[in-house]
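Note: hydrogens, waters and symmetry copies are ignored here, and every other heavy atom, side chains too, is used.
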Amino acid sequence: MKVLLRAAASLGLLALVFHFAGPARIIGAVANADPAWLAVAMLASVAASLTSALRWHALANWLGLAAPRPALMLAYFRGIAANTVLPGATLGGDTLRTLHLQRRGNPLAASAASVALDRMSGLWVLVALALATTAAAQWSGLLPRQLLPLPPLLTLAGALAVLAAPT
């Protein structure tokens, strides 16, 4: 019964999102999308989310929290869903993840710290990726020199320094 209620609630939330986003806009966007690029985008999104969930699991274990990998991965994806439909941007999903860990018998402060550290390490990785992508754009000529008058090698060194820095 509980599974049916959750499935119905999930479908109801999806229907609400679909309704408010505009069914014609969604169908039009998907119909005009290149299926290959759409598949690549979906795979990249799932891979990024799985990697992030594994990062959070590693952080929780590092903090000594009782955190089975499957349970945390499920909590991470629930957090993503909450961030999508609840107001407050990432706060709803982060709160849900914190409570998930706390309900498993972990201290609330340590549970919240694991989520905060996960957010910070995720931003750290984004900085490194942005610098590496910028260096690639500089080398390829896609980024005009006047926009960033640094040598591409220096930009790449910045990306490597971010990755090597203690977090």
Side-chain angles (χ1 to χ4, degrees), residues 3-4 6-60 67-94 96-97 100 114-115 117-165 167:
V3 173
L4 287 174
R6 284 184 178 176
S10 297
L11 288 173
L13 284 173
L14 185 60
L16 276 174
V17 169
F18 193 75
H19 171 72
F20 285 119
R25 284 182 45 209
I26 294 171
I27 292 169
V30 173
N32 292 327
D34 180 340
W37 281 112
L38 192 58
V40 168
M42 294 288 283
L43 287 173
S45 178
V46 170
S49 296
L50 284 173
T51 303
S52 296
L54 291 172
R55 179 187 64 224
W56 179 43
H57 176 260
L59 282 166
R69 184 178 292 144
L72 280 194
M73 291 179 80
L74 180 61
Y76 197 89
F77 278 94
R78 285 179 177 161
I80 291 171
N83 288 341
T84 303
V85 297
L86 292 178
T90 59
L91 290 178
D94 287 356
L96 188 65
R97 291 195 295 145
H100 179 83
S114 76
V115 174
L117 286 172
D118 175 55
R119 281 282 172 200
M120 285 187 271
S121 65
L123 288 173
W124 199 259
V125 170
L126 286 176
V127 168
L129 286 172
L131 286 169
T133 304
T134 300
Q138 287 174 300
W139 262 311
S140 69
L142 291 172
L143 182 66
R145 184 154 177 75
Q146 63 269 24
L147 287 180
L148 185 62
L150 295 175
L153 195 55
L154 187 58
T155 307
L156 184 60
L160 294 174
V162 167
L163 287 176
T167 54

Closest non-hydrogen atom pair between Ala159 and Ala132, with its separation: CB-N, 3.7 Å
Set of residues satisfying salt bridge (Lys or Arg N to Asp or Glu O under 4.0 Å) with respect to Arg55, sequence neighbours excluded: Asp118
Least distance between heavy atoms, Leu142 atom then Pro144 atom: O-CD, 3.5 Å
Separation between OG1 of Thr133 and CG of Leu126, rounded to the nearest 0.5 Å: 10.0 Å
Trp56 side chain near Leu117 side chain, heavy-atom distance below 4.5 Å: no
Validation row: Leu72, Tyr76 side chains within 4.5 angstrom (heavy atoms): no
Shortest non-hydrogen contact from Leu59 toward Ser121: CD1-OG, 3.9 Å
Any donor-acceptor pair under 3.5 Å from His57 side chain to Ala67 backbone: yes
Leu96 side chain reached by His100 side chain, heavy atoms, under 4.5 Å: no
Distance (rounded to the nearest 0.5 Å) between Thr134 OG1 and Leu148 CG: 7.0 Å
Non-hydrogen atoms of Ser114 and Ala60 that approach each other most closely: CB-CA, 4.3 Å
Inter-residue atom distance Leu150.CG - Gln138.CD, 0.5 Å rounding: 6.5 Å
Atom pair CG/CG of Asn32 and Leu38 - distance to nearest 0.5 Å: 11.5 Å
For the student: nearest non-hydrogen atoms of Asn83 and Gly93, plus distance: OD1-N, 2.7 Å
Which atom of Phe18 lies closest to which atom of Ile26, heavy atoms considered: CD1-CD1, 3.5 Å
